[in-house]
Structures are given as C-alpha cells and as structure tokens.
Peer 1: 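The structure follows.
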Amino acid sequence: MLEIAQIRENKEAIIERLKVRNMDAKAQLNRIYDLDAKWRNEKQALEAVLAEQNKVSKSIGQLFKEGKQEEAQAAKARGSELKEKEKSIVDGVNQLADEIQQLLYEIPNVPHPSVPAGNSDEDNEVIAQSGEIPTVGDTWKPHWDLAKEFDLIDFELGVKVTGAGFPFYKGKGARLQRALINFFLDEARDAGYKEIIPPFVVNEASGYGTGQLPDKEGQMYHVTAEDLYLIPTAEVPLTNIFRDEMLKEEQLPVCLTGYTPCFRREAGSYGKDVRGLNRLHQFDKVEIVRVEHPNQSYAVLDQMVAYVQGLLTKLGLPFRILRLCGGDLGFTAALTFDLEVYSAAQDKWLEVSSISNFETYQANRLKLRFKDDDKKKQLAHTLNGSALALPRILAALLENNQDENGIKIPAVLVPYTGFDRID
RNA sequence: GGAGAGUUGGCAGAGUGGUCGAAUGCGGUAGUCUUGAAAACUAUUGUACCGUAAGGUACCGGGGGUUCGAAUCCCUCACUCUCCGCCA
C-alpha cells in the first residue's frame with residue numbers, strides 16, 4: 001500500500017498518475033488526507049490525556065508511601081476523571097485510524113511514468129517481438145487435440161476426480177512437465193537465484209503482505225477450517241519470507257526462485273479463453289523474486305525481462321514483450337512487462353510471464369526495510385516474474401513443434417525429458 | 001485427537017500490582033589498551049507513531065476486562081514445545 005506520508009506530501013501528483021489506471025482517486029485521496037489530519041489532531045488530544053493520567057498514577061504510589069492519604073484520594077479521583085475523558089476520545093481515534101488503513105488498502109500502486117494510459121489489454125504497448133512465427137499447416141491441431149491424440153493430458157479425468165481446470169498429465173506429458181520445471185530451475189540457478197521450496201498454503205497475514213488480500217479475496221482457494229489460502233503464485237510465500245524483516249544493505253540484492261503449483265479460482269472466466277491449457281485452476285510455475293535497493297530496481301526489472309526472454313529463445317518459441325497499460329496493470333505493480341508466446345494452431349498470443357516492479361508498495365505492507373549506509377531505515381523494492389508458467393508454454397510447444405506424425409522436443413529439453421519426440 | 005508446559009528486547013533469560021521500556025548474560029556499536037588482531041576494560045545499544053522542537057504516546061503472543069495504576073491479576077483467542085495416540 002501507499003505510505004501515508006506520500007499522500008500527505010504528493011496528493012495531487014498521485015491523483016494525476018492514477019488517472020492512467022482510469023481511476024479517479026481524487027475523492028478517495030482527499031478523504032484520506034482529511035481523515036489523517038483529523039486523526040493527528042485527535043491523537044494529540046488523546047495523548048495529552050494519557051500523559052496526565054500516567055503522571056497522576058505515578059504520584060499516587062508516592063503519596064501513599066508518604067502517608068498523605070487525603071492527597072492520594074484526591075489524585076485517585078482525578079485519575080478516574082481522566083479515564084472518563086480518555087474513554088470519550090479513544091474510540092474516535094481508533095476508528096479514524098482503521099478507516100484510513102482500510103482506505104489505503106484500496107488505493108492501487110502509482111504507475112511508473114512510462115506506463116501508458118489505456119483501458120484494457122488492447123492498449124498494451126508491444127515493445128519487442130522475436131522468433132519466427134511458424135507457418136501453420138492444414139493438418140495442424142490445437143494442443144488439446146494433440147494432448148488427447150498422444151495421451152499427454154487428460155482433461156476429462158481431471159473433471160471426474162476434481163473438476164474442470166485440474167487436468168491429469170500422463171506419460172510423456174507428465175515427463176515433459178517435469179522436464180520444464182527442472183530446466184527452468186537450473187537456468188534460474190545459473191542466473192544467480194537461490195532455489196526455495198516454500199509451503200503451498202499461506203496464512204491470512206501473508207495474503208495481505210503481498211496484496212492478494214483484500215483485493216483478490218475471491219481468486220484464492222480458502223481453506224476455511226484452518227483459515228489458510230492455497231497460493232496463487234510462489235510470489236506469496238517467497239516474498240513473505242521478508243515480512244517484518246530489517247535487512248542490512250549488504251544483504252541486497254536478494255534473488256530467489258521457487259517452483260510451486262499455483263491455485264486460482266479464476267472466477268468469472270469463460271469461453272475459449274479457458275479451453276485446454278489456456279487457463280487452469282491448478283498449474284505449475286517457476287517464479288523469480290527479488291528484493292532490491294530502490295536505486296537498482298528498474299535496472300533489475302530490465303535484467304529480469306532479458307532473462308525470461310532468454311528462456312523463450314532457448315525453447316525456440318516466438319514471443320513478444322508488452323508494456324502493460326494503466327488499465328491492465330496489476331493492483332500492486334508500478335510497472336509490468338508481459339511476455340507472450342505465439343501458439344500457432346490457435347493463432348493466439350498467450351501470456352506466459354508477467355514481470356513487475358512493485359517499488360515500495362509491497363514492502364510497505366510487509367514492513368520490509370533495510371538499513372542503508374547511514375543507518376537510516378528505508379523500504380526496499382520488491383520485484384517478481386514468472387520464469388515461467390508451464391501450461392501455456394506446453395501449449396505453444398505442442399502446437400508449434402508438431403509435424404505430420406508427432407511433436408518435436410526442443411534440444412535444450414531433451415537432456416531433461418530423455419526423449420526427443422512424441423509420436 | 002488426548003494430557004501437560006510455555007510465549008518478555010537481535011538472541012538467551014529474570015521479573016507475580018506503582019520506583020519496569022523492563023535485571024543479567026551474549027551479540028552489536030564506539031572508545032581505551034595493542035605494531036595489528038584477540039582478550040580485557042569503559043561507554044553505548046529496542047521498535048513504531050505524533051510533534052518544527054522540547055517532549056509525549058504506545059508496545060512484554062493477539063483481543064477484552066479489573067484498577068487511579070498491569071509484563072505482573074481475570075477472561076478469551078492464537079501459536080509453539082513436550083509426552084501419548086494416529087500416520088506419509
């Protein structure tokens with residue numbers, strides 16, 4: 001969330017920048033601003049009462065010791081009076097603080113100056129494209145047909161055992177899946193990321209820490225008996241490692257990677273977008289997460305994009321890079337680049353990675369700070385990106401690499417799969 | 001699932017109603033000593049918020065209560081550990 005100090009100081013600039021998200025935040029920010037002023041005012045009044053209370057209470061002990069009964073009794077009476085006064089103020093102060101907090105949670109991150117205005121994914125800016133778009137043959141099939149033909153993925157079985165969006169991967173389909181995970185993890189390790197296997201369920205505080213709560217409450221699976229949430233991405237446990245942490249500057253940067261299954265309810269999705277592997281309730285993903293010094297974070301964001309680009313090049317998949325417009329930008333992100341691969345038989349670009357700089361937005365919720373060289377505490381910047389999400393990679397691999405009688409496995413994966421063709 | 005014991009500052013660990021934001025030790029920081037280091041010694045060392053400042057307030061697992069006054073008493077919730085049971 002935004003820092004209240006930012007709103008005190010740069011209210012108008014923030015309102016202006018949030019317009020890029022098609023959001024008129026004027027009323028909200030003005031309300032926060034006013035409530036904050038009121039809160040500070042009332043808090044001071046309250047603290048003055050508490051200060052006197054403390055003083056009086058302390059004197060009572062002393063007076064009793066000195067045997068000054070009458071004075072002690074008088075002081076007690078004054079204490080009771082002050083307590084009444086406290087009661088009359090305290091609720092109001094707390095309510096103000098709660099209300100401000102609640103409102104702050106509802107303000108999204110302020111977009112980076114490079115973020116273009118726009119309403120939806122159609123307004124995203126294509127900034128690069130690479131790789132050869134395959135010429136689709138007459139007999140080319142979408143991945144769901146290929147998956148069935150070669151018995152790689154069983155969607156119907158998933159429906160029977162669990163429900164739609166929970167496929168079974170079988171035989172070479174399963175092995176290909178495992179190969180991709182290992183390939184991505186090894187690449188990340190070579191790039192300097194430390195591998196982590198985190199828990200796949202998190203508590204409520206962690207959900208708030210990275211901003212899934214309260215914004216995306218309905219998108220996570222909630223285990224009500226234990227009040228835990230299935231993670232929608234490894235970002236949540238990996239970033240929450242640093243909740244309430246004070247790092248030393250020399251500990252930066254922190255570079256982590258982790259493979260996890262990801263669980264998403266995807267409420268509201270429908271139609272051809274959810275066909276086959278395009279959108280699942282459970283999918284596998286390797287994530288990269290970084291905690292950075294504020295003056296490094298944008299350089300690092302570019303590095304992360306270049307890194308993921310490298311993965312796609314190695315896999316031989318045509319891709320393009322998008323700079324998300326304000327309307328498509330995630331709630332907590334200041335700047336996001338999406339990478340999309342071209343999936344031939346569907347003739348579609350599929351999002352396989354989303355790489356974002358959150359600046360201090362997550363760090364402020366997380367209370368993730370570091371002590372700089374002058375021993376001052378400041379909020380760190382957090383970044384993360386998919387490297388990569390598997391299902392759509394798999395979809396593109398199957399569709400783009402098909403030929404008359406099977407599917408060719410990219411050379412970099414063969415050491416991991418142990419086979420070079422599916423047929 | 002059953003029984004019990006816990007939760008205090010970076011860590012360990014005292015503290016059972018006022019002088020406790022909290023002993024002591026370790027750790028950290030600065031200094032003395034030393035050619036340098038170690039050891040020893042001395043001093044210092046929690047966090048957040050409000051305030052231009054002086055200063056003030058809050059925090060001893062969370063929430064509530066008793067009291068003029070709570071780390072300390074009461075209620076409640078959460079978590080951790082130990083033993084038993086079950087189990088990959």
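Order of the sequence lines fixes the chain letters, A, B, ..., with proteins taken first and strands second; residue numbering starts at 1 for each chain.
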Peer 1: Please state the P separation for the pair B/U57 and B/G51 - nearest whole angstrom.
Peer 2: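 Each nucleotide's P atom is 16 Å from the other's.
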
Peer 1: Would you classify A/Leu50 as touching base, sugar-phosphate or nothing, given that sugar-phosphate means primed atoms plus P, OP1 and OP2, and contacts are heavy atoms under 4.0 Å?
Peer 2: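 Sugar-phosphate, no base atom in range.
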
Peer 1: Mark yes or no for whether A/Tyr307, through its side chain, and A/Ala188, through its backbone, hold a donor-acceptor pair below 3.5 Å.
Peer 2: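 A pair under 3.5 Å: yes.
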
Peer 1: I need the CD-P distance between A/Glu81 and B/C68, as an integer number of Å.
Peer 2: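 Roughly 13 Å, once rounded to whole Å.
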
Peer 1: Answer whether the closest heavy-atom distance between the side chains of A/Gln303 and A/Arg290 falls below 4.5 Å.
Peer 2: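 Yes, at least one pair of side-chain atoms sits under 4.5 Å.
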
Peer 1: A/Glu86 has an atom CD; how far is it from atom P of B/C68, in whole Å?
Peer 2: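 Between P of B/C68 and CD of A/Glu86: 13 Å.
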
Peer 1: Would you say B/G69 has OP1 or OP2 under 4.0 Å from some side-chain N or O of A/Arg78?
Peer 2: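 For B/G69, OP1/OP2 do not have a side-chain N/O of A/Arg78 under 4.0 Å.
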
Peer 1: For A/Asn54 and B/G17, what is the distance between atoms CG and P respectively, to the nearest whole Å?
Peer 2: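 Interatomic distance, CG of A/Asn54 to P of B/G17: 20 Å.
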
Peer 1: What nucleotide, of B/A48, B/G51, B/G56, holds the atom closest to the side chain of A/Gln44?
Peer 2: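 The answer is B/G51, which lies nearest to the side chain.
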
Peer 1: Whole Å only: how far is the NZ atom of A/Lys55 from the C1' atom of B/G56?
Peer 2: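 Value for this atom pair: 12 Å.
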
Peer 1: Output the rounded distance in Å from CG (A/Leu63) to P (B/G69).
Peer 2: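 Distance, rounded to whole Å: 16 Å.
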
Peer 1: Output yes when at least one side-chain N/O atom of A/Lys43 is less than 4.0 Å from OP1 or OP2 of B/G56, else no.
Peer 2: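 Negative; the distance criterion is not met.
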
Peer 1: For nucleotides B/U19 and B/G69, find the distance between their C1' atoms and express it as a whole number of Å.
Peer 2: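 Pairwise C1' distance, B/U19 against B/G69, rounds to 13 Å.
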
Peer 1: Touch check for A/Lys248, heavy atoms < 4.0 angstrom, all strands: base, sugar-phosphate only, or nothing?
Peer 2: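 No contact.
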
Peer 1: If you measure from the C1' atom in B/U72 to the same atom in B/G1, how many Å do you get, rounded?
Peer 2: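 Going atom to atom, C1' in each nucleotide, I get 34 Å.
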
Peer 1: So, OP1 or OP2 of B/A48: does either fall under 4.0 Å of a side-chain N or O from A/Arg369?
Peer 2: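 Checking B/A48 against A/Arg369, a side-chain N or O does come within under 4.0 Å of OP1 or OP2.
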
Peer 1: Determine, for A/Phe370 and A/Lys377, whether the Lys NZ or Arg CZ falls below 6.0 Å from the six-membered ring centre while staying within 45 degrees of the axis.
Peer 2: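 Judged by the rule (NZ or CZ under 6.0 Å from the ring centre, within 45° of its axis), A/Lys377 is not positioned above A/Phe370.
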
Peer 1: Which one, B/G51, B/U57, B/G18, comes nearest to the side chain of A/Ser57?
Peer 2: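 Output: B/G18.
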
Peer 1: Under 4.0 angstrom, heavy atoms only, what part of the nucleic acid is A/Ala75 near: base, sugar-phosphate, or nothing?
Peer 2: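 Nothing: the residue A/Ala75, judged by heavy atoms under 4.0 Å, touches no strand.
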
Peer 1: A/Asn94 CG to B/G64 P: how many Å, rounded?
Peer 2: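 From A/Asn94 CG to B/G64 P: 8 Å.
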
Peer 1: Taking the same atom, C1', in B/G9 and in B/U44, what whole-Å distance lies between them?
Peer 2: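 To the nearest whole Å, 16 Å.
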
Peer 1: Distance check, C1' atoms only: B/C20 and B/G36, in whole angstrom units.
Peer 2: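 Straight-line distance between the two C1' atoms is 44 Å.
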
Peer 1: For the side chain of A/Arg40, starting at C-beta, report the closest nucleotide among B/U19, B/U57, B/C50.
Peer 2: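 Selected nucleotide: B/C50.
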
